Novice: 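The following block contains the structure, expressed as structure tokens.
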Amino acid sequence: MIGHTERKAAHDELIRPNRRGIDILHDPDINKGTAFTYEERERLGLEGFLPDHVTTIEEQSQRAMENFHKAADDLARYVFLTGLQDRNQTLFYRVVIDNIREIMPIIYTPVVGLACQNYAHIFRRPRGLYVTTRHRGRMREVLRNWPEKDVRVIVVTDGERILGLGDLGANGMGIPIGKLSLYTGCAGVPPEQTLPILLDVGTNNESLLKDPLYIGVRKKRITGADYDEMVDEFIQAVQEVFPKALLQFEDFANHTAFRLLAKYRDEICTFNDDIQGTAGVTLAGFYSAMRLTKAKLKDQTILFFGAGEAAAGIAQLVMSATQAEGLSRKAAAERCWFVDSKGLVESGRKDLAEHKKPFAHKHAPAKDLLSALKAIKPTILVGASGQPRTFTQEVVGEMSRLNARPVIFALSNPTSKAECTAQEAYTWSKGKAVFASGSPFPPAVYEGQTFVSGQSNNAYVFPGVGLGIAACGATAVTDEMFFESARVLADMATEKDLAQGCLFPPLTRIREASALIAAATAEVAYKRGLATEPRPKDMLAFVKSKQYQPVYKRYI
Ligand code: NAI
């Protein structure tokens, strides 16, 4: 929720729109619909276009939510919200912010996944930029077509691994759009500073290639050096046209994501949310769990089930955070163990991808999760495998035998992919589990006690980090920004939240959380000499002053 003072400050701003008449109603950035006052209607040439009654934004919001609830299903709700965003941006963000718990699952996971699967069929109005193979050699010009010049946050995907849904090609555009709506809704990054981009390199999805309504390049993906050259040109063009922009990679396939991050993270201001954002929010969950188990992160043994982007990202951040707590690099790496589809990741294995090697410690082979669990004796078990129901009663039972309070995170999305449900975790651990999941679960009951477990939702972290970076003009994104953000987020969970099983503050406090995370991020940027804006006296007040408020301006 936004405060009265912020609303008033934004409302006091007087704006002279650069157009008149009906064009105003067709520009979502300035349109207020029925909220234009009689005076504004007269001055701006709007008389006659609007019904008589002047509505408040509260009334408009109520009408919007009525329609939202009346929609036939979640996909229809997504389409409705997209339409609202295209008509009246201020109202869209007002509705999103005031109803964040209800709306986040529609504009972001899981419903945005369904929207992407159907994107070509629900497509109405373009948003963002489609940079395609056709634009090679002239990407700068394409980027220059974008009407806003001071872009601060770009989210780009090549659509190859959209959520857990695989290659959706250009249909993946729903992801950068949804993600940037959260940068604005959750943290207040001004919408005009955000830019969603779909890098269209083709698709290998046969059903899309055969779909007569498919919106993207109707060819197989370009690969190898061809692909790398295209990404390189894109990145250079972004740096030239939008030199202050943070470039967030999103939903690239595993084989590309790690490579691109390693290649560009020291060169440009970039991060990968699937790797680093997930890590930030999960680490916050660990810190909160430590408040319950009264232990220190550096003393934990963490077993990851699944060794992809999410798991490796978390392990890398745990390493950075525990090194900052005083562990050597080797000791920090040894806190983390992986089980992948072939069993325990250990140094004797010859089939390991590059990102698994730092965590391949000397150990006898173990062929499955249960035997690895018995051998490694972890204090924390994290599922990021996409393999449903793999945290069986035996697995949860073994974790509970090893630990008085077993910390169990079942992160795989969507709900149908979770390694176990909240109810299973509490029942099989006899109410002892400290549990979090990737998708929300309804409250669980064990022997009369109700547990409302928390969702390890990336939206707690990336919007705040983005706001912090945009506010201070940081030139790079570091692990320290993410582990400091994790600490801030963990501290926001109250004793009451923890007592009922929730490791995160409620989503309704997300604007507050994002402001604190932005301040922590900017603080790191100043400390490490990465900020380009003058250092403010009060960091929190500074980032708050940069937050967009969905409040109508007054027009003269
Ligand atoms: P990924 O495809 O990079 O990794 C999946 C990993 O699981 C791979 O290493 C694969 O080898 C491994 N795996 C597959 N079958 C297995 C088996 N039978 N036994 C053990 N390991 C197996 O995917 P990513 O991005 O790491 O995501 C993994 C899951 O985590 C997804 O379901 C995703 O939705 C979820 N996730 C949750 C987040 C959150 O809660 N905030 C954020 C990001 C991802």
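Quick caveat, the model's predicted, so the values are computed rather than measured. Every number for a ligand or one of its atoms is a count from 1 in the order of the listing.
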Novice: Can you name the atoms of ligand 1, numbered from 1 with element, that are less than 4.0 Å from a heavy atom of N458?
Specialist: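 By the 4.0 Å cutoff, the relevant atoms are 39 (C), 41 (N), 42 (C).
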Novice: Looking at N413, which atoms of ligand 1 are within less than 4.0 Å of one of its heavy atoms?
Specialist: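 It comes down to these atoms of ligand 1: 32 (O), 33 (C), 34 (O), 35 (C), 37 (C), 38 (C).
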Novice: I want to know whether F271 and F482 have ring centres closer than 6.0 Å.
Specialist: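 Distance test on ring centres: under 6.0 Å, yes.
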Novice: Would R161 count as a contact residue for ligand 1, given that I'm defining contact as a non-hydrogen atom of the residue lying under 4.0 Å from a ligand atom?
Specialist: yes
Novice: Would you mind finding which of L411, V382, L163, I275 brings a heavy atom closest to atom 36 (N) of ligand 1?
Specialist: L411
Novice: Do the side chains of E250 and K179 get close enough for a salt bridge, i.e. N-O under 4.0 angstrom?
Specialist: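 Looking at K179 together with E250, the answer is yes, because their closest N to O distance falls below 4.0 Å.
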Novice: Measure the distances from the heavy atoms of A384 to every atom of ligand 1 and state whether one is below 4.0 angstrom.
Specialist: yes
Novice: When you check the gap from the basic side-chain N to the acidic O, do D340 and K342 get nearer than 4.0 Å?
Specialist: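 Looking at K342 together with D340, the answer is no, because their closest N to O distance does not fall below 4.0 Å.
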Novice: Could you name the option among T390, T109, N254 that has the heavy atom nearest to atom 1 (P) of ligand 1?
Specialist: N254
Novice: Under the criterion ring pair (Phe, Tyr, Trp, His ring centres under 6.0 Å), I'd like the reasoning laid out for F286 against F409: C-alpha separation, chi angles, the key distance, then a yes or no.
Specialist: CA-CA 9 Å; F286 293 167; F409 284 14; 5.3 Å; yes
Novice: Could you walk me through whether F451 and F435 pass the ring pair (Phe, Tyr, Trp, His ring centres under 6.0 Å) check?
Specialist: CA-CA 9 Å; F451 298 89; F435 180 78; over 10 Å; no
Novice: Near S385, which atoms of ligand 1 are under 4.0 Å from a heavy atom of that residue?
Specialist: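 It comes down to these atoms of ligand 1: 7 (O), 13 (N), 14 (C).
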Novice: Could you work out, for atom 14 (C) of ligand 1, the closest of E309, Q387, H255, K342 by heavy-atom distance?
Specialist: Q387
